[in-house]
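Here's the structure, in C-alpha cells; my notes come after.
Chain identifiers are assigned alphabetically (A, B, ...) following the order of the sequence lines, protein sequences preceding nucleic acid strands; residue numbering begins at 1 within each chain.
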Number of protein chains: 2
Amino acid sequence: MVDHHSRIKRSMIQVFGDAYHAFGLNRLMGHVVAALMFSPEPLSLDDICKQLGKSKGPISQITRRLADHNLIRRVWTPGSRKDYYEVHPDIFSNAFRYNFRLIRNNTKIAAQIRSDVETTRDEKLKTTQFRMVEMERFYQLMEKHYQNFIDEWSVERDRLYSQVTK
Amino acid sequence: MVDHHSRIKRSMIQVFGDAYHAFGLNRLMGHVVAALMFSPEPLSLDDICKQLGKSKGPISQITRRLADHNLIRRVWTPGSRKDYYEVHPDIFSNAFRYNFRLIRNNTKIAAQIRSDVETTRDEKLKTTQFRMVEMERFYQLMEKHYQNFIDEWSVERDRLYSQVTK
DNA sequence: ATGATTGTTTGGAAATTTTCAAACGAAACA
DNA sequence: TGTTTCGTTTGAAAATTTCCAAACAATCAT
C-alpha cells in the first residue's frame, strides 16, 4: 500500500513552495506553511527542520517572518520547552492583507507623483500627469473591491466554521 | 531653477523600482516602466539604456518580458530602424491580470489537494481536507471580486478617457 | 551554580539572480 | 556584395539571496 501521508505531504510542500515563489516570496516560506497545513498538530522547530531537511538557522528566521505576517502563530504547549507552531486561523486573509498594503502603497505613489507634477505647472508633463491620474483611480477602485472581498469573506468564513462546529 | 523633469523622472524610476521589487519582480522592470511612463513619446532601446545607465543586454531581455506581459508594447515608427516602446494603454489592468492568473492557480492547487485527500478516505487527513476546503472557497470568492473589479474598471476607464477626448 | 535543551544570531559558503561586454545575427542601405 | 546599424544571445563577473554550522543566549531542571 502506498503511503498517502508522505505522498500528499511531499506534493503540498512542492506546490506551496512553487506558489510562494511565483508571488516573489521565499520558497522555504511555502514549504513551512505546507508542512504546518498538513499537520493536524502543531510542529516544533525541530519537527519542521526534520520534515524539510533544513537546518535550524533558516527555519528560525522564516518562522519569525511568517509569524510577523500572521501566517502562522506560536502556540503554547504545556509540559514542553519547545516552541510549537501552527497555521494562523486567518492565514489566507492575513496573506491577502499583506498584498492589500502594497496596493495602498501604489495608490499613494500615484497620488504623490501626480501632486508633484501638478505643482510644476509644466505643460510638457501633461502626459505623465494623466497617467498618474489613471493609476490613482485604478488602485483606488482596486482598494474598494479588495475591501468588499475581505468583508464578504469574513461572512463566508463564519458560515463555513459554523457548519463544522454544529 | 530646479530641473523639474529630471527630478521627477529620477523619483519615479526610484519609486517604481521599489514597488516592483516589493511585488517580487525585478527592480529593472519598474525602472523601465517608469521611464516609459514619464516620457510622452516612445523610447528606443538606446534611449532607455542611456536614461537608466544600463547596457543593452538586460534592457533587451526586460523589454521582452514586459512586452510578453503586455505592460509595454513595441510601436512602429516611420523612417527609423530602431524599435520604440511605450507603456501599454492597459498596463494597469494587464498587470492585474497577471496576478489574477496566480490567484486562479491557488484555487486549482487547493482543489487538487482536496481531491487527492478525499480519495484516500483517511480520517487522519480530515484537518488537511478542511483547510483545503477553506482555501478553495477563499480563492474562489477572491476570483469573483477580482472579476467585479476588472469589469467595473473597464467602465470607469472608458469614462476617464471620454473626459479627456471631449 | 551547573548542565542540558532550545531558539537566535552570525560569518561565510553555496546557489541564484542580475548585469555587462562581446560575439552574433538580421535587416537596411549603399 | 559589403557595410552599417540595430537587437539578441551568451559566457562570465558581480551582486544578492539563501543556507548552514557553529557560537551564543536564554531558560529550565537538577
Side-chain angles (χ1 to χ4, degrees), chain A residues 13-14 16-36 39 41-69 71-86 98, chain B residues 13-14 16-36 39 41-69 71-86 98:
Chain A
I13 288 171
Q14 162 84 322
F16 272 66
D18 291 347
Y20 272 70
H21 184 71
F23 275 97
L25 302 169
N26 192 326
R27 274 211 155 79
L28 192 51
M29 288 180 77
H31 293 162
V32 170
V33 168
L36 293 179
S39 169
E41 284 85 30
L43 298 176
S44 71
L45 211 69
D46 284 335
D47 292 336
I48 301 173
C49 292
K50 214 168 73 181
Q51 292 197 15
L52 301 181
K54 292 281 156 64
S55 63
K56 292 180 3 173
I59 297 295
S60 170
Q61 292 174 343
I62 289 283
T63 50
R64 183 175 42 213
R65 280 174 63 187
L66 287 169
D68 285 348
H69 291 185
L71 303 191
I72 70 176
R73 67 180 182 186
R74 194 171 296 168
V75 54
W76 182 79
T77 306
S80 171
R81 283 161 62 182
K82 296 191 178 188
D83 287 349
Y84 284 84
Y85 293 94
E86 66 181 8
Y98 179 74
Chain B
I13 288 171
Q14 162 84 320
F16 272 66
D18 291 346
Y20 272 70
H21 183 70
F23 275 97
L25 302 168
N26 192 326
R27 274 210 155 79
L28 192 51
M29 288 181 77
H31 293 162
V32 170
V33 167
L36 294 178
S39 169
E41 283 85 32
L43 298 177
S44 72
L45 211 69
D46 283 336
D47 292 336
I48 300 172
C49 291
K50 214 167 73 180
Q51 292 198 16
L52 301 181
K54 292 280 156 67
S55 62
K56 292 181 2 175
I59 297 295
S60 170
Q61 292 174 342
I62 288 284
T63 50
R64 183 176 40 211
R65 280 174 64 188
L66 287 170
D68 286 346
H69 291 183
L71 302 191
I72 70 176
R73 67 180 182 187
R74 195 172 294 169
V75 54
W76 183 80
T77 306
S80 171
R81 285 161 60 185
K82 296 190 178 186
D83 288 348
Y84 283 83
Y85 293 93
E86 65 181 10
Y98 178 76

Yes or no on side chain to side chain contact (heavy atoms under 4.5 Å, CB included) for A:Leu45 and A:Lys82, after CA distance, side-chain angles and deciding distance?
CA-CA 8 Å; A:Leu45 211 69; A:Lys82 296 191 178 188; over 6 Å; no
Any idea which of [options] is nearest the [X] side chain?
X: B:Ser55; options: C:dA21, C:dG7, C:dT17; value: C:dA21
X: B:Lys82; options: D:dT17, D:dC6, D:dC20; value: D:dC6
X: B:Arg81; options: D:dT8, D:dT10, C:dA27; value: C:dA27
X: B:Asn26; options: C:dG7, D:dT9, C:dT18; value: C:dT18
X: B:Leu45; options: C:dT19, D:dC19, D:dT8; value: D:dT8
X: A:Arg74; options: D:dC19, C:dT8, C:dT18; value: C:dT8

Rounded to whole angstroms, how far apart are [atom1] on [X] and [atom2] on [N]?
X: A:Leu43; N: C:dT6; atom1: CG; atom2: P; answer: 15 Å
X: B:Leu52; N: C:dT19; atom1: CG; atom2: P; answer: 10 Å
X: B:Lys54; N: D:dA13; atom1: NZ; atom2: P; answer: 20 Å
X: B:Asp83; N: C:dA26; atom1: CG; atom2: C1'; answer: 12 Å
X: A:Ile48; N: D:dC20; atom1: CD1; atom2: C1'; answer: 17 Å
X: A:Asp46; N: C:dA4; atom1: CG; atom2: P; answer: 18 Å
X: A:Leu28; N: C:dA15; atom1: CG; atom2: C1'; answer: 14 Å
X: A:Lys56; N: C:dT6; atom1: NZ; atom2: C1'; answer: 5 Å

Is B:Arg64 touching bases, backbone alone, or none of the nucleic acid, heavy atoms closer than 4.0 Å?
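It contacts sugar-phosphate atoms only.
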With DNA chain C as reference, determine whether B:Ile62 or A:Gly57 sits nearer its 5' end, using the nearest nucleotide of each.
A:Gly57
Which distance, rounded to the nearest 0.5 Å, do you find between the OH of B:Tyr85 and the CD1 of B:Ile62?
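Between B:Tyr85 OH and B:Ile62 CD1, I get 12.0 Å after rounding to 0.5 Å.
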What distance do A:Ile48 atom CD1 and A:Ile72 atom CD1 have between them, rounded to the nearest 0.5 Å?
6.0 Å
With a 4.5 Å cut-off on side-chain heavy atoms, are B:Leu52 and B:Leu28 touching?
yes
Within the 4.5 Å heavy-atom criterion, are B:Lys50 and B:Asp46 side-chain neighbours or not?
no
Determine: side-chain N/O of A:Ser60 to OP1/OP2 of C:dG7, distance under 4.0 Å, yes or no.
no
